[in-house]
Amino acid sequence: MAAPFTYRDDTALSRLFERERANGTAAWFSLPGGATLFETGDRADQIYLVHAGKLGAFRIEEGQDPTFVGVIRPGEPAGEMAMIGGTPHSGRVVALRDSEVLALSAEDFFEAADQDPDVMLEIARLMLARARQSSSRGTTGDPTVFGFVAAEKGPKIRGLVARIARAVAEMGRSVTLVGSEAAHAPTEWFSNVEADHEYVLYVAEAGEVAWRAVVGRQVDRLFRVGRGDRPPPAKPVDYAIDALMTYRLVDLLLIQPAHIDRPRGAEAWMAATGAARLFHMRVDNRADADRLARLLTGRSVGLVLSGGGARAYAHIGALRALREAQVPIDFVGGASMGAIIAASLAMGWDEAELERRIRAAFVDTSPLDDIAIPLIAMTHGRKVNHRLEQHFDDVEIPDLWLPFFCISSNLTAGGYQLHQRGLVRQALRASIALPGVMPPSILAGEVLVDGAVMKNFPADIMRSMQRGPVVGVDVTRGRSITAQDITVPPLLKWILSGEWRKGPPIVALLMRAATLSTNREVVAAREATDLLVLPDVDHIDIRDWKAFESGADAGYLATHKVLDGLKRPVTELRRAKA
């Protein structure tokens, strides 16, 4: 028997469905967690209203994994745009948990809506909002209900999750923490709790077997919580419904000891749990709790840094300005030299250490003066290999303090390669292997070259990884190659002046060609950012590894200028834009 309506918002649409259900026109049914309501391309001859539970909307594109668009909450419709437009459904809608749904045929809906103009006005407003969100690759609703489940026996995790909840509350958000005391609550109870709070955090300890299963069916996104100082269990308990795993809505949170220099062994945890994303949280570390709170509330800041040879020194100045303005950085990524700076930040190096290492690797001596007979490339690449090993050792990407990615170009597959696993130095070596300047990198039999060839400013990748604001620093928009740049100098003068250490003019030509973006790519990248910094680096030769101060100053000034023009904190930019 269908449950009575308990919507907290008295909207025209909910009144219509309540009236039509009383008349016997609207059909009520239960949709188990993981079940599909409708598929991309299905005929749109009904409109649906969520009564209890939650649905997830996914964008399906050929050759790509489904993209999570957002959630559809109780009191909200599904399928209205396609039904009114008379077109097939453009996405897939799946029950994220056990849900109760009402369905009304298109014919009955239009007949009933004729009697209540407020219904069509309400639908029109909703369709306009969703159309705007879709065109900006936005969301129909952010996740607001999260589960935290212990992945192994050990110390209880409720206290750690409570710290995250307190950090959310200190942002001025309404949040509640629910444990196994709610194990036998009816579906309506969960819906009411979620209606009363902006965010709900469910937590299940290792021994709470039945409650773990409830949590897995009740949340928008799930965190498996493990201990970073221990190896993962041989067979992690599977407590998430298929929809969460299939659509990569399960993350991993590793609790780390308070005073370790960096995590270790996270790669094994990622392999064992199949998590989509990984986060580290140190015991009694307030900054880590705040970072998780920003993640849950859509305020995490993703920083994307472009390639650009020596012009990428501007990223150093941009970081300095962001730190002075106390802008948090929660995700980092980039291509080519931008990837090197991003990885340095993810390593946890402070400003002084980061600058010291960049100077040692690139400024003190040129990384590209081991000139080779140009059979494959102008240089051997040995100096670069040595410096990457010297500074990044055998650190694996999951063992970085911040979620990190970089891009290389896969000449074997003919597309860009996304690096989120494996050794940091190997990923960076591939990302900076400028064709003709350095030998390609070979990983798993694939031939990889500089990420700038395919995607020099991967802001769209960052946008797909997290739901907070994206800050981008792009140094590729400077002056292009001129006739003067490719003038061949007298050989003796070139050698005696030391200019040979930059490489011959063909190096500049190759580097600029590899990092040159089309206007279409630039526009797309700008659309994916909420804050875009374009340092003035026209005066810097792309091979001038001595131009550290000049490049850093350009990045610092440009970033300060952009930050000074903001009317709200960076963490709020995406929400304001939406």
Side-chain angles (χ1 to χ4, degrees), residues 40 58-68 137 246-248 267 270-271 274-278 302 304-309 331-340 342-343 346 374-379 381 384-385 388 392 396-398 400 403-466 474 476 510-518 520-522 524-525 528:
T40 302
F58 297 87
R59 184 181 297 114
I60 309 299
E61 297 179 358
E62 187 177 354
Q64 298 184 22
D65 292 334
T67 301
F68 179 55
R137 312 296 283 184
T246 299
Y247 298 108
R248 299 185 60 75
E267 182 83 43
M270 290 291 286
R277 302 181 299 182
L278 166 67
V304 185
L305 306 177
S306 77
F331 292 76
V332 289
S336 197
M337 271 296 291
I340 298 244
L375 299 178
I376 296 178
M378 296 293 300
T379 68
V384 170
N385 293 343
L388 289 175
F392 295 99
E396 295 181 319
I397 293 177
L400 296 171
F404 164 82
F405 75 87
C406 70
I407 297 293
S408 67
S409 300
N410 190 322
L411 298 186
T412 303
Y416 70 83
Q417 183 82 23
L418 179 63
H419 299 270
Q420 292 179 287
R421 305 280 286 274
L423 293 176
V424 175
R425 59 180 171 84
Q426 290 183 343
L428 295 178
R429 174 62 177 81
S431 189
I432 63 173
L434 276 160
V437 177
M438 291 177 57
S441 179
I442 308 297
L443 287 178
E446 306 280 292
V447 179
L448 307 178
V449 297
D450 198 293
V453 174
M454 294 287 185
K455 190 180 286 287
N456 193 33
F457 187 41
D460 58 331
I461 302 296
M462 180 63 76
R463 170 65 71 210
S464 70
M465 290 182 175
Q466 60 101 30
D474 186 3
T476 64
L510 292 170
M511 293 178 73
R512 186 57 180 144
T515 59
L516 186 63
S517 301
T518 66
R520 180 178 180 181
E521 290 171 333
V522 172

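Heads up: numbering here begins at 1 and tracks the sequence. Source: prediction; values computed, not measured.
The nearest pair of heavy atoms linking A433 to P440 is CB-CA, 4.3 Å. Considering all non-hydrogen atoms of both residues, V449 and L411 come closest at CG1-CD1, 3.7 Å. Of all non-hydrogen atoms in N410 and E446, the two that sit nearest each other are ND2-OE1, 2.8 Å. Between A271 and R421, the shortest heavy-atom distance links the atoms N-NH2, 3.6 Å. Heavy atoms only, all atoms of each residue included: I442 and V447 are closest at CD1-CG2, 3.7 Å. Residues R277 and M465 approach most closely at NH1-O, 2.9 Å, considering heavy atoms.
Distance check: I397 CD1 to L423 CG gives 8.5 Å after rounding to the nearest 0.5 Å. Going from atom NE2 of H419 over to atom CD of Q426 covers 10.0 Å, rounded to the nearest 0.5 Å. In this structure, SG in C406 is found 9.5 Å from CD in Q417, a value given to the nearest 0.5 Å. A distance of 8.0 Å separates CZ in F457 from CG in L305, rounded to the nearest 0.5 Å. Atom CD of E396 and atom CD of Q420 lie 14.5 Å apart (nearest 0.5 Å). Taken from CG in L400 to CZ in F405, the straight-line distance is 13.0 Å, to the nearest 0.5 Å.
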Evaluation steps, side-chain contact (heavy atoms from CB on, under 4.5 Å), between I340 and L388: CA-CA 9 Å; I340 298 244; L388 289 175; 3.7 Å; yes
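Using a 4.5 Å cut-off on side-chain heavy atoms (C-beta onward), I407 and L418 make contact. V453 is listed as a side-chain neighbour of P435, based on a closest heavy-atom distance under 4.5 Å. In this structure, the side chains of M462 and P403 stay at 4.5 Å or more apart for every pair of heavy atoms. Contact annotation: the side chain of L428 approaches that of F392 to within less than 4.5 Å [non-hydrogen atoms, C-beta and beyond].
Of the possible donor and acceptor atoms, none in the side chain of D474 sits under 3.5 Å from a partner among the backbone N and O of S306. Side-chain N or O atoms of S408 include none that pairs as donor or acceptor with a backbone N or O of S431 at under 3.5 Å. Between the side chain of S409 and the backbone N or O of M454, at least one donor-acceptor pair lies under 3.5 Å.
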